[in-house]
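Below, chain A is the first sequence line, B the second, and so on; all start at residue 1.
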Amino acid sequence: MYTKKKRVFAHVLPLANIRVSEYIVLVRNPEHCCQGSSLLQTGHSAKRPQLWMCRKGWTPLIFANLSYSSKDQVTIHFINRDGERLTTTAKEGESLLEVVVNHNLAIDGFGACEGTLACSTCHLIFDKDAFQKLDAISDEELDMLDLAYGLTDTSRLGCQVCVKKWMDGLTVRVPMDVSDMRKQLEVGKQSKQ
Amino acid sequence: PAPRVLHWGGCFWLAAAQPPALYFPQLQTNVAGLLWPFCPHPDCDFPLPQHHGGALVDIYEKLPVPFGLVRFGVAPDHPEVKNVTNTFTQTVRSERCAYYGNVTVGRDVTVPELQQAYHAVVLSYGAEDNRVLGIPGENLPGVYTARAFVGWYNGLPENRDLKPDLSCETALILGHGNVALDIARILLSPLQLLRKTDITDSSLAALACSKVKRVWLVGRRGPLQVAFTIKELREMINLPGARPVLDPADFTGLESAVKDAPRPRKRLTELMIKTALEKPVEVQAAAAGAAAPREWGLKFQRSPQEVLPSADGRRARGVRLALTCLEGSGDSAKAIPTGAVEELECGLVLSSIGYRSLPLDPAVPFDSQRGVIPNSSGRVQGVPGLYCSGWVKRGPTGVIITTMNDSFDTAQSVLEDLQGGVLDISPCREGFRLVESILRSRGVRPVSFSDWEKIDAAEVARGKAAGKPREKIVDPEEMLQIIGH
C-alpha cells in the first residue's frame, strides 16, 4: 500500500537538521552520489522500491531510522583539477584525506599511500590565511611535499591536516599535474583557433 | 554481440573511467588491452564521445603474481608504500577490468596479435634490466647488480638463487640513488626490525650470518647531484646501530651554493651538511644487536675504473676509483677524471647505476640508446593504437606520484584519440576471447586475479606464523601448484 512519505533530495540533507524515523531520500545514483553514498556508508539501511515512479534519473531510497544531525558538520569545498567545486561536510578531527575518501569525491589518485606519508598524492593548496592557521608542519611531511608537483608556499598534505571548526566554508585546491598542464595547453590552442 | 548498454552516471564515474591499468607502475611485462565492447548501431544507446565509460581493460603480466615493482622493488621495510596495492586491487576487481598473469607478451602472445584483439594496447612493462658498468672485473664473484640484489631479498623468482657472499666487512655500493640507500639500509638494519617485514626467509637467514659492518655509497659526482631523496636519507641517518660517516670537506661552500636552490635540493643538501658537521655520537652497539657498531658513508667524485681481484683471482677484493672533478653545475654537471686514482678495499660490490628497459617485440619501436619506447605523450611513434606509460616511456626514475601522473598523461592521450576519432573503435574486437584461443594453442594457462588472491592468502598465512605480513612464495611452480594449474 503506497503511503505518502516526506521526500527530500539528498544534497539538502546536510543543511537540514533531521531526526526522523523514515524519509524518502532521492539520490542520483546511489553509488555515485557523495551524500547518498556517505549515508549508505554510515550504515543507514536503505531499500529501493521497485514500483515507485520517480523523476527520471533520480532513485528513491528509504532510510529507516535516519538521524542526521548538523552538529560537528564542517563544510569544506574542494576545487578539483577540472576546476569543479566539490562540496561536502566533514566531521571535526577527520583528516582531509579521510574526507575525500569517505565522501567518494571525484579526485583521481588521491591518497595512494593511504595517509602514511609515503607519497604526495594528497597534496592540497590552501589560501594564505587558512594556511597560517594550520597546525605546524613536521619534517616528515615537508620531506614528502618536496616531491609534489606544483608545490606552493601554501601547500600541505591532506592526510596531515585535520578538520577543525574554524574550517567551516574553507576552500582548498587540488594542484594541477603534468597531464593537466597538457589539457590546459590544448584548451588554449583550441580557443585561439 | 548485442551492444552493451552503457552505464553512465554522474561525473564521478567519468572521472574514474581512466583506463585503470595504466595506474600500475612498472609491472614487469605488463601490457593492457583496451576494448570498447560494442559496435555502434543506430538504435543503441551510443555514448557521447566524452563519456568513455564502457571501456574494458585487460591486464597481461609475465609473472603469475601482479603488482610488479611494488612487490619486487619497494624495500621490505617500506610497507606504507605498498598500500597502493589496495587501490590496484579495487581497480582490478571492477567488472570492467580483468587480470591475466603468467602471460609473457612477446612470446606467448605478440603485440600485433594483441592489436588484433583490442582497440588500444598500452605497454607499461617497466625496466627489468640494468645499466652495466662496463669495467674490468665486473663479473667477478662478489659483484652484483642492485637489481639482482633487491630482487633477491624481495623474492623475485629469477633472483632466488643469488646467494650473495656477505662474509666481508666492507661493502661498496656504486650509485647515489634511493635504490643504493635501500640496499645500504637492508645490509645494516638490525635484524629484529627486518624480521617483522616481508623480506624472504632465506635472505633473512643470510643477513643473520652477514659480516658486513661498513657500507660506502660511491658516486661519480658531488653532493649537489645526489639522486636520492630526503626521506630515505633521513631514514638512513636515523638507522639504529649505524653511524653516518660524512666528510665535512666534501661540503665546504655548499651552504651558500644552495641558498637559492629549489626547496627539495636545498633541504636535502642542508641535511647532509648538518650530518657531516655533527660530532660523532657513541653508537650503541647493543641497539644493533651487533658485535660492533656499524657505519655507512657517502663518497663523492669517484668513478669506478676496475674491480680488483683477490690474489687467487677468484673473487673481488677492492675497487680502483678514478677521482673526478665537476664540469658545469646542477643536474647537468659532468664528472671528468683528473688522472688521480685511489683504491678502496671491499669484498662486496653492488652496482646501482640505474635500470634499463628492454625491447619487447620486433613490432614495437625501441630506442636502445635511451632505453625507452619512442613516444609522444605516450603515443608510440609510428604505431597507431599503441601507447606506453611509466618507466618504459620516460626512463627508469620516479616515485609514486611521478608514475601516477605519467599514467594519467598516457590515459589522456588515449581518450583524446578516442574523442578525436584517431582511435577507431568501430571494428568489433574480441579482446580476451581471441587471446585465450591463441594462448591455449601455445599451451599457456593464464592466472586470474582470484587465483592471485589464493596465492596471496597462502603467503599471508605462512607469514603469520613468523609474525611477518607475508612469507613470499619465490617459486613460480609452487604458485601454480597452489592454484591447481
Q: Heavy atom to heavy atom, less than 4.5 Å: which residues from residues 225-238 of chain B reach chain A?
A: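 When heavy atoms of chain A are the reference, residues 225-238 of chain B contributes B:Thr229, B:Ile230, B:Lys231, B:Arg234 within the under-4.5 Å range.
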
Q: B:Val81, B:Val399, B:Asn86: which one forms the most heavy-atom pairs within less than 4.5 Å of chain A?
A: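 Highest number of pairs under 4.5 Å: B:Asn86.
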
Q: Closest approach of B:Val84 and A:Ala112, non-hydrogen atoms and distance?
A: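 Smallest heavy-atom distance, with atoms named: CG1-O, 3.5 Å.
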
Q: Decide yes or no for A:Ser120 and B:Ile401: does some side-chain heavy atom of the first lie under 4.5 Å from some side-chain heavy atom of the second?
A: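 A side-chain contact exists here, since the closest heavy-atom pair is under 4.5 Å.
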
Q: Heavy atoms only, distances under 4.5 angstrom: which of A:Asp146, A:Thr116, A:Leu147 has the most pairs with chain B? Name it, please.
A: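 The answer is A:Asp146.
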
Q: Say you draw a straight line from CD of B:Glu80 to SG of A:Cys119; how long is it, rounded to the nearest 0.5 Å?
A: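 Here the interatomic distance stands at 10.5 Å.
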
Q: Just wondering, do A:Leu142 and B:Arg263 contact through their side chains at under 4.5 Å, heavy atoms?
A: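 B:Arg263 vs A:Leu142: side chains touch.
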
Q: Listed by chain and number, what are the side chain to side chain contact (heavy atoms under 4.5 Å, CB included) partners of B:Asn375, not counting sequence neighbours?
A: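 Checked B:Asn375 against side chain to side chain contact (heavy atoms under 4.5 Å, CB included); matches are B:Cys388, B:Lys393.
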
Q: When you look at CZ of B:Arg394, are more than 12 heavy atoms from neighbouring residues, nucleotides or ligands closer to it than 6.0 Å?
A: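 Check passes, neighbour count above 12.
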
Q: For a quick test of reading the model, state the closest non-hydrogen atom pair linking A:Cys113 to B:Asn83 and the distance between them.
A: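 Closest pair (atom of A:Cys113, atom of B:Asn83, distance): O-ND2, 2.9 Å.
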
Q: Near B:Gln90 CD, under 6.0 Å, is it more than 12 heavy atoms from other residues, nucleotides or ligands?
A: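 No, CD of B:Gln90 has 12 or fewer neighbouring heavy atoms, counting only those of other groups under 6.0 Å.
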
Q: Is the shortest distance from a Lys or Arg side-chain nitrogen in B:Arg267 or A:Asp139 to a carboxylate oxygen in the other one below 4.0 Å?
A: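 Counted as a salt bridge, because a side-chain N and a carboxylate O are separated by less than 4.0 Å.
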
Q: With a 4.5 angstrom heavy-atom cut-off, is it the side chain or the backbone of B:Thr85 that approaches chain A, or both, or neither?
A: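 For B:Thr85, neither part sits under 4.5 Å from chain A.
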
